[in-house]
Amino acid sequence: MDAPGLVYLCCSYICPCFQSRSKDTEDAVLVKESNSVKSSPSTELSSVSGKIPASPLRVPPSPGRFSMSPKLDRIGSVHLTMRQVARATQNFSPSLKLGEGGFGTVYKAQLQDGQTVAIKRASRENSDALRSEFRSEIELLAKIEHRNLVKLLGYVDKGIERLIITEYVPNGTLREHLDGVHGSCLDFSQRLEISIDIAHGLTYLHSYAEKQIIHRDVKSSNILLTDRMRAKVADFGFARVGDNESGKTHVLTKVKGTVGYLDPEYMRTFKLTPKSDVYSFGVLLVEILTGRRPVESRRSPEEKVTIRWAFGKFNNGEAMHLVDPQMKEAVDKKIFKKMLNLSFECAAPTRADRPDMKSVGERLWAIRMKYLQLGRGE
Ligand SMILES: Nc1ncnc2c1ncn2[C@@H]1O[C@H](COP(=O)(O)OP(=O)(O)OP(=O)(O)O)[C@@H](O)[C@H]1O
């Protein structure tokens, strides 16, 4: 890491934003409920300063969101009636439940043509409040196609039911794999490939999608894995369209995201840019390398905030103490340090010090080259 980056990080960790969140945001935390015990709940923070409405229901239509198109129910390749959905999910059978998030419940479903899909069903009690989130997810997903992003297949909006049909990604979440829930733990090479996949998915959103998209909820439970351990970024419920076309550098908006992954500058200023995703990616990269969640509440105070703990160890020359003990193979010190360096740069407190997602992908790719050369004994 270059010196300025380190200086900024040091300042931040002496007085970390995790602890010194501006009072106005802390006073007005609107929590997007998460029933998942495994993942950190996504939250929505809103200013009470008067500049930004406190309630999501009072937010005026913003130019950053697409308007609801009447043809929306024709998007995607899968068009289902509620009766077909009921059949495909065996009446939303608990046995087909894949998981639960702030938006509702996700089911595995088998279509009549044999195709397996995932169906996200908005919870009834939240369906009105979450309607805009639902629309946001639909409209954004409909416009993207990339192998590292979960693909939207269809959508149903009938009466009180709101359902999103996406490709089914069969191998659980990244967090589950770091927890060893699926048997063997991820080895270093898998972690490196997964990091590259995530970086590529985010680069597409930031730089190559029809409109710039900021995900806003990059975290390990939103990364789904395929049978071949390729990663796909999921859950666009919080995604926002960026404002790069009009030449603006940021979008002014309520703070949404998940505690521990949230960009401190965005939390402080309400200014959202793709660099907020870069910050979350930095936190996620530390999680991938160490296996630890961004906030480990049961640990001693100096180890609670993983990135701060990791940065301290790294600066004390103890980088190799950070290797996830679940990784059984010997991890090359140089390669590991390069990855840590990159994660700290991404999680720099000031966004100007963070690289953009495209160069993060390129740097991970260069690390991969080095890693492969080492494996060949070059
Ligand atoms: N396309 C999919 N294929 C397979 N499993 C999925 C798919 N989408 C979601 N899941 C499963 O359902 C769970 C819940 O997903 P969901 O996106 O609703 O919530 P979350 O991201 O875990 O939480 P939150 O919405 O609060 O951030 C995921 O953790 C995952 O296990």
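Counting convention: from 1, in listed order, for ligands and their atoms alike.
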Ring pair (Phe, Tyr, Trp, His ring centres under 6.0 Å) contacts touching residues 280-308 (sequence neighbours left out): none
Should you measure from each heavy atom of [X], which atoms of ligand 1 turn up under 4.0 Å away?
{"X": "Y168", "value": "3 (N), 4 (C)"}
{"X": "N222", "value": "20 (P), 21 (O)"}
{"X": "A118", "value": "1 (N), 2 (C), 3 (N)"}
{"X": "V106", "value": "8 (N), 9 (C), 10 (N), 12 (O), 14 (C), 15 (O), 18 (O)"}

Stepwise side chain to side chain contact (heavy atoms under 4.5 Å, CB included) test for L284 and K219: CA-CA 6 Å; L284 177 59; K219 60 177 175 179; 5.8 Å; no
Heavy-atom proximity to atom 31 (O) of ligand 1, best of T173, N171, D217, D235: T173
K219 to ligand 1, any heavy atom closer than 4.0 Å: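 Within the 4.0 Å threshold, so yes.
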R175 heavy atom under 4.0 Å from ligand 1: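 So R175 does not count as touching ligand 1.
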Heavy-atom side-chain contact between N148 and V233 under 4.5 Å: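 With C-beta onward as the side chain, the pair stays apart.
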Just to be sure I read this right, does ligand 1 sit under 4.0 Å from the backbone of [X], its side chain, both, or neither, counting only heavy atoms?
{"X": "K120", "answer": "side chain"}
{"X": "L224", "answer": "side chain"}
{"X": "T166", "answer": "side chain"}

Closest contact, heavy atoms only, R354 versus P264: NH2-CD, 4.2 Å
Under 3.5 Å: N/O of V169 near N/O of ligand 1: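 Indeed, backbone or side chain, V169 has an N or O that close.
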Side chains of residues 321-336: which donor-acceptor partners sit under 3.5 Å, not counting sequence neighbours?
unit_1, atom_1, unit_2, atom_2, d
D324, OD1, Q326, N, 2.9
D324, OD2, R191, NH1, 2.9
D324, OD2, R191, NH2, 3.2
K328, NZ, P325, O, 3.4
E329, OE2, F188, N, 2.5
D332, OD2, K334, N, 3.1
D332, OD2, I335, N, 3.0

Ion pair check, K151 and E167, cut-off under 4.0 Å: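 No salt bridge links K151 with E167.
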Backbone N/O of V85 and side chain of T89: donor-acceptor pair under 3.5 Å: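 It does hold such a pair.
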Within 45° cone of F92 ring axis and under 6.0 Å: R121 NZ or CZ: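 Flagged: R121 positioned over aromatic ring of F92.
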